[in-house]
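These values consider heavy atoms only, across backbone and side chains, with no hydrogens, waters or symmetry-generated copies.
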Amino acid sequence: QVQLVESGGGLVQAGGSLRLSCAASGRIANINDADWYRQPPGKTRELVARITRGDSRNYADSVKGRFTISRDNAKKSVYLQMNSLKPEDTAVYYCNAEIEDYDLRLRSYWGQGTQVTVSS
């Protein structure tokens, strides 16, 4: 069974940094496009960053210049480097990825989420 597992969340002071990881496991040929979402307390889930298979990247306006999404295809992993964190970045962060199997079929999967808390 394909699984995505996030890690790297935690509690950090405003201005600090965290790096989130999303590791895929199972019978996986490739990760195609991959996203990081977040859901702040009491709010809806929102797209934070996206990286395509060809390494094209885009970001929500709220995180541009502070967050960087990246990938390691050999490790079947996606990362989110978060710098200059603000209290409003506090949320549960989720990885979402399109997984290509060996029959070239694409399916999307979600991780369980990792908590990021930024204190002032």
Review point. Does the distance from a Lys or Arg side-chain N to an Asp or Glu carboxylate O, for Lys64 and Asp61, drop under 4.0 Å?
Key: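 Salt bridge: yes.
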Review point. With a 4.0 Å cut-off, would you call Asp33 and Arg50 a salt bridge?
Key: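 No, no charged N to carboxylate O under 4.0 Å.
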From [X] atom [atom1] to [Y] atom [atom2], the distance as rounded to the nearest 0.5 Å:
| X | Y | atom1 | atom2 | result |
| --- | --- | --- | --- | --- |
| Glu98 | Asp35 | CD | CG | 8.0 Å |
| Thr52 | Arg71 | OG1 | CZ | 7.0 Å |
| Arg57 | Thr68 | CZ | OG1 | 8.0 Å |

Co-membership, hydrophobic cluster, residues [X] and [Y], 4.5 Å side-chain:
| X | Y | value |
| --- | --- | --- |
| Leu85 | Val92 | no |
| Tyr79 | Ile28 | no |
| Val48 | Val118 | yes |
| Val116 | Tyr94 | no |
| Val2 | Ile31 | yes |

Sub-3.5 Å donor-acceptor pair from the side chain of [X] to the main-chain atoms of [Y], do we have one?
| X | Y | result |
| --- | --- | --- |
| Asp101 | Asp103 | yes |
| Thr114 | Tyr93 | no |
| Glu6 | Cys95 | yes |
| Asn30 | Asn32 | no |

Practice item. Test Asp89 against Arg38 for side-chain contact (heavy atoms from CB on, under 4.5 Å), laying out the working first. Key: CA-CA 9 Å; Asp89 295 319; Arg38 69 185 182 188; 3.0 Å; yes
Exercise for review: Among Asn96, Ile69, Leu4, find the one that has a side-chain contact (heavy atoms from CB on, under 4.5 Å) with Val78.
Suggested key: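 For Val78, the side-chain contact (heavy atoms from CB on, under 4.5 Å) check succeeds only for Ile69.
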Exercise for review: Flag yes if more than 12 heavy atoms outside Gln112 fall under 6.0 Å of its CD atom; otherwise flag no.
Suggested key: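 No.
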Tell me which donor-acceptor pairs under 3.5 Å the side chains of residues 13-24 have, and how far apart each pair is, sequence neighbours excluded?
| from | atom 1 | to | atom 2 | distance (Å) |
| --- | --- | --- | --- | --- |
| Gln13 | OE1 | Ser119 | OG | 3.2 |
| Ser17 | OG | Asn83 | OD1 | 2.9 |

Point to revise | Validation row: Pro40, Glu46 side chains within 4.5 angstrom (heavy atoms) | key: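 Yes; the side chains approach each other to less than 4.5 Å.
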